[in-house]
Amino acid sequence: MVLSRILEVADLKVEFRTYRGVVKALNGVSFNVDKGEVFGLAGETGSGKSVTGLAIQRLLPGNAVIVEGRIVFDGRDLLSLKEDEMNKIRGKEITAVFQDPHTYLNPVFTMREQFRDILLTNDREIASIKDKREIEKAVHDRIIQMLTEVQMPAPERVIKMYPHELSGGMKQRMMLAMAFSLRPKLIIADEPTTALDVTIQAQVLELMKSLQKKYGTSVILITHDLGVIAETCSRIGVMYAGRIVETGTVDSVYSEPLHPYTQGLMRALPRADKDLKVESIGGSVPDLVDLPTGCPFHPRCSRAMEICRKINPRTLNIDGRIVECHLYDGETSRGRVA
Ligand code: SF4
């Protein structure tokens with residue numbers, strides 16, 4: 001394993017047992033995240049982005065089964081850890097920012113009480129203080145410091161508030177302050193700005209970027225919004241039907257998308273710098289209970305060939321870009337098996 005790597009996900013397969021049958025949510029997801037890197041996971045709803053984020057934290061719902069795969073975080077195989085060992089990593093070394101802070105913030109406690117709880121449970125430095133008054137002072141100072149770092153207006157007043165008294169932008173600043181307060185090695189941010197209006201969205205992303213740089217944190221940014229990834233991430237993985245079909249640097253993927261699905265996502269992206277017509281991808285995402293044979297994108301792909309209907313494309317490495325598409329395979333292409 002490369003020393004600079006914080007996370008390695010290899011051939012991850014996750015299924016959900018439902019009344020409709022077995023939902024094949026992840027069908028062999030593989031990607032790496034380096035230390036201090038912001039990696040974007042993109043794709044339409046139902047492509048498997050959020051399931052990937054939950055699987056890394058081992059927070060999948062009860063009807064989910066990890067069929068196979070490996071998740072190595074900072075040298076430890078997360079899937080082989082006992083629950084109490086995982087508890088020591090989750091919320092400390094790996095933290096999360098969700099789209100809807102309501103799922104995370106408790107409506108009956110003030111922000112101070114909730115933040116205090118996180119620090120008392122997880123912060124080793126604060127846990128080592130013996131004197132009760134010193135503990136409360138350290139907690140208070142850390143909360144105010146973090147709220148100042150996320151540019152929360154009037155932090156001393158805000159900590160006395162309940163979640164419903166905060167605006168959407170303030171809640172997301174609070175989530176960022178909580179997520180970064182324990183200096184985690186990895187933050188999984190799942191659609192952190194989707195519910196916010198455009199101006200607040202830009203402010204929250206800017207804040208996340210500056211905190212990430214300051215603390216050298218690795219971030220997986222999950223979003224359907226390719227504009228957000230372009231502004232925030234260094235690399236991108238494009239998901240479709242529970243697989244990553246293309247991975248590369250943001251610069252290379254945005255300037256020359258290889259996979260027809262990535263090309264479709266790019267055409268659907270409004271671009272101020274280009275006078276291009278915005279086109280949506282025709283058709284709809286496949287039913288994960290009954291995936292098409294061959295390449296799962298073939299029913300929507302304008303470049304589909306006979307082979308695409310029968311055989312799933314291999315994973316190819318094309319000059320450092322990872323892509324799964326028959327167009328780049330075989331003697332006539334520049335592809336090679338990854
Ligand atoms: Fe389209 Fe075939 Fe490539 Fe799939 S493998 S994306 S169907 S060309």
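Note that ligands are numbered from 1 as they come in the structure, with each ligand's atoms numbered from 1 the same way.
- Each ring-ring contact (aromatic ring centres under 6.0 Å, His included) pair with one or both residues in residues 15-58, not counting sequence neighbours, appears once here: Phe31-Phe39.
- With waters neither drawn nor counted, the protein N/O/S atoms under 2.8 Å from atom 1 (Fe) of ligand 1 amount to 1.
- Residues Ile244 and Ile322 have side chains not in contact (no heavy-atom distance under 4.5 Å, counting atoms from C-beta outward).
- For the side chain to side chain contact (heavy atoms under 4.5 Å, CB included) with Leu79, the qualifying choice from Arg70, Glu68, Arg58 is Arg58, the only one to do so.
- Arg183 has no carboxylate O lying under 4.0 Å from a charged side-chain N of Glu125, or vice versa, which leaves the two without a salt bridge.
- Sorted by first and then second residue, the salt bridge (Lys or Arg N to Asp or Glu O under 4.0 Å) pairs with a member in residues 147-168 read Glu149-Lys214; sequence neighbours excluded.
- With sequence neighbours excluded, the residues that form a side-chain contact (heavy atoms from CB on, under 4.5 Å) with Thr232 are Val38, Leu205, Met208, Lys209, Leu221, Val228.
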